[in-house]
Amino acid sequence: MKNKILVTGGAGYIGSHTCIALHEAGYDIVVYDNLSNSSREAIERVSKLIDQPIDFVKGDIRDTDLLKQVFAEHQFFGVIHFAGLKAVGESVAKPLLYYNNNVSGTIALLEVMREADVKNLVFSSSATVYGDPESLPINEESKRSCTNPYGQSKLMVEHILEDLAATDDGWNLIPLRYFNPVGAHPSGQIGEDPNDIPNNLMPYISQVAVGKLEKLSIFGNDYSTVDGTGVRDFIHVTDLAQGHVAALNYLQKQVGRDKYSSIGFLPINLGTGKGTSVLELVTAFSEVSGQNIPYQFSARRAGDIASCYASADKAKDLLGWEATLSITEMCQDTWRWQSKNPNGYHSA
Ligand code: NAD
Ligand code: UDP
């Protein structure tokens, strides 16, 4: 069975961790990334961790000529498609950039895949496609709606994938809807490396802990949750990486069983199924790191919801995957990465 995988966006936060998991699971990988939000240093560190050079192509997914060349050079079983822009606030300020990169970019990739007759895809979707959920936990049948261009771009791609699966039964398309990825590789060698002041909670907390930022603002303490702060389903990035391996293994099994029975469009949540509040995460991080994390309560952030956590049953039933790592391990690994690399990949 073919086991070569194209990993778009493989130099990024989730992609780099997934490259290691794929290698450990016996997959051959080719990483394709324009490095717009990542660095060669990440690729080098992954290469050291797996003790093997990485087959890396610096390129944009919208560059179809280069993509075609890569598909001509390799016989891929499928693609894991991480490449995309992900900052909600920036997407509101620059919607065209987001639709162009995330939606047009994915269309360009799908066209090249179709031409090369490579029709197995795992796509980085997000729990953001569920908007403000009507009930919890959120399962894959829950209503989808988005309020910002980033979320819309993920939802649009999902609709494109659904349409594709409906008209051409050769496609096997798995959008993985990630909840809140946090943590880092246990080696402390790779992790999340925001370019600017972090938008997300965990990197903000860890930068306060390491002394790069003064104080955390907690957006809202009047939600109807356990302690008034927002509740999210934080998932360790190495668990998430294993979820991608499980999705690929599933594709290998299904597609391998009968060439003519495709799985079409199969969305799957990747979460732990457990909610943790902002304050609970701050407390856990403080205990693990031994650092004081000053914080203040401020107004709710526009567009935020009170609570969000996954039903993780479908991933368990279909893929045999479930998250294994605790909030303590998420904080420990984040802290190891942050304290060893206070300035991310630029610390070297
Ligand atoms: P990231 O920014 O670290 O990684 C994305 C990678 O894609 C980067 O290396 C970037 O250089 C590359 N890239 C962006 N546009 C590209 C293009 N046009 N051509 C080639 N490469 C391009 O982000 P991440 O956190 O690793 O997220 C990976 C994927 O998962 C993204 O699609 C993101 O939207 C999605 N996602 C992330 C989260 C999260 O909280 N991190 C949650 C849900 C979904
Ligand atoms: N949050 C916060 N302060 C910050 C960043 C985030 O209080 O500096 C809160 C946010 O309001 C939400 C939770 O932390 O309740 C998770 O936010 P994040 O941006 O990490 O992920 P989201 O769930 O919004 O995708």
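Quick caveat: nothing in here was measured; it's all calculated off a predicted structure. As the structure lists them, so they are numbered: ligands from 1, and atoms in each ligand from 1.
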Item to check | salt bridge (charged side-chain N to carboxylate O under 4.0 Å, His left out) between Arg114 and Asp168, worked out | outcome: CA-CA 10 Å; Arg114 184 181 52 190; Asp168 172 352; over 6 Å; no
Test your reading of the model: is there a side-chain donor-acceptor pair from [X] to the backbone of [Y], 3.5 Å cut-off?
X: Ser47; Y: Ile43; answer: no
X: Gln338; Y: Trp335; answer: no
X: Ser91; Y: Tyr150; answer: yes
X: Asn200; Y: Pro203; answer: no
X: Arg177; Y: Ser125; answer: no
X: Thr229; Y: Leu279; answer: yes
X: His81; Y: Thr106; answer: no

Check each atom of ligand 1 against the heavy atoms of [X] and keep those under 4.0 Å away; list them by number with element.
X: Ser38; value: 8 (C), 9 (O), 11 (O)
X: Ser124; value: 29 (C), 30 (O), 32 (O), 35 (C)
X: Ser36; value: 10 (C), 11 (O), 13 (N), 14 (C), 15 (N)
X: Leu35; value: 11 (O)
X: Gly59; value: 19 (N), 20 (C)
X: Ser125; value: 43 (C), 44 (C)

Closest candidate by heavy atom, reference [atom], pool [options]:
atom: atom 15 (N) of ligand 1; options: Thr128, Asn101, Leu67; result: Asn101
atom: atom 31 (C) of ligand 1; options: Phe82, Tyr178, Tyr98; result: Phe82
atom: atom 13 (C) of ligand 2; options: Val278, Thr229, Asp304; result: Val278

Tell me which protein heavy atom sits closest to [atom], plus the residue, atom name and distance to 0.1 Å.
atom: atom 3 (O) of ligand 1; result: Tyr13 N, 2.8 Å
atom: atom 17 (C) of ligand 1; result: Asn34 ND2, 3.2 Å
atom: atom 4 (C) of ligand 2; result: Phe219 CE1, 3.3 Å
atom: atom 4 (O) of ligand 1; result: Gly12 CA, 3.4 Å
atom: atom 26 (O) of ligand 1; result: Ile14 N, 2.8 Å
atom: atom 25 (O) of ligand 1; result: Lys86 NZ, 2.8 Å
atom: atom 33 (C) of ligand 1; result: Tyr150 OH, 3.6 Å
atom: atom 11 (O) of ligand 1; result: Asp33 OD1, 2.7 Å
atom: atom 5 (C) of ligand 1; result: Gly84 O, 3.8 Å
atom: atom 12 (C) of ligand 2; result: Arg232 NH2, 3.6 Å

Any atoms of ligand 2 less than 4.0 Å from a non-hydrogen atom of [X]? List them with their elements.
X: Asn199; value: 5 (C), 19 (O)
X: Ser217; value: 2 (C), 3 (N), 4 (C), 7 (O), 8 (O)
X: Asn200; value: 18 (P), 19 (O), 20 (O), 21 (O)
X: Asn180; value: 21 (O), 22 (P), 23 (O), 25 (O)

Next on the checklist: Would you compute the distance between atom CE of Met330 and atom NE2 of His236 and round it to the nearest 0.5 angstrom?
Outcome noted: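 It comes to 7.5 Å.
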Item to check | Distance-only N or O hit between ligand 2 and Leu201, under 3.5 Å | outcome: yes
Checklist entry - What about Arg301: any of its N or O atoms under 3.5 Å from an N or O on ligand 2? => result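 Yes; the residue has a nitrogen or oxygen that sits under 3.5 Å from a nitrogen or oxygen of the ligand.
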[X] versus [Y]: any side-chain heavy-atom pair under 4.5 Å?
X: Phe285; Y: Leu216; value: no
X: Lys4; Y: Gln75; value: no
X: Tyr223; Y: Ser307; value: no

Checklist entry - What part of Leu216 sits under 4.0 Å from ligand 2 if we count only heavy atoms: the side chain, the backbone, both or neither? => result side chain
Next on the checklist: Evaluate Asn37 for polar contact with ligand 1, using N/O atom pairs at a separation under 3.5 Å.
Outcome noted: yes
Checklist entry - Polar-atom distance check: Ile61 versus ligand 1, any N or O pair below 3.5 Å? => result yes
Next on the checklist: Below 4.0 Å from ligand 1: does a non-hydrogen atom of Thr8 turn up there or not?
Outcome noted: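 Under 4.0 Å: no for Thr8.
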Checklist entry - Does Gly105 reach ligand 1, in the sense of a heavy atom lying below 4.0 Å from it? => result no
Item to check | Full working for salt bridge (charged side-chain N to carboxylate O under 4.0 Å, His left out) between Glu140 and Lys314 | outcome: CA-CA 8 Å; Glu140 287 82 354; Lys314 191 171 176 185; 5.2 Å; no
Next on the checklist: Within the supplied structure, the quantity of interest is the number of heavy atoms (other residues, nucleotides, ligands) at a distance under 6.0 Å from Lys274 NZ; does it exceed 12?
Outcome noted: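 For Lys274, atom NZ is not crowded (no more than 12 foreign heavy atoms under 6.0 Å).
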Output field: ring centroids [X]/[Y] closer than 6.0 Å:
X: Tyr345; Y: Trp337; value: yes
X: Tyr309; Y: Phe179; value: no
X: Tyr27; Y: His244; value: no
X: His159; Y: Phe265; value: no

Item to check | Residue portion contacting ligand 1 (non-hydrogen atoms closer than 4.0 Å) for Lys154 | outcome: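 The answer is the side chain of Lys154.
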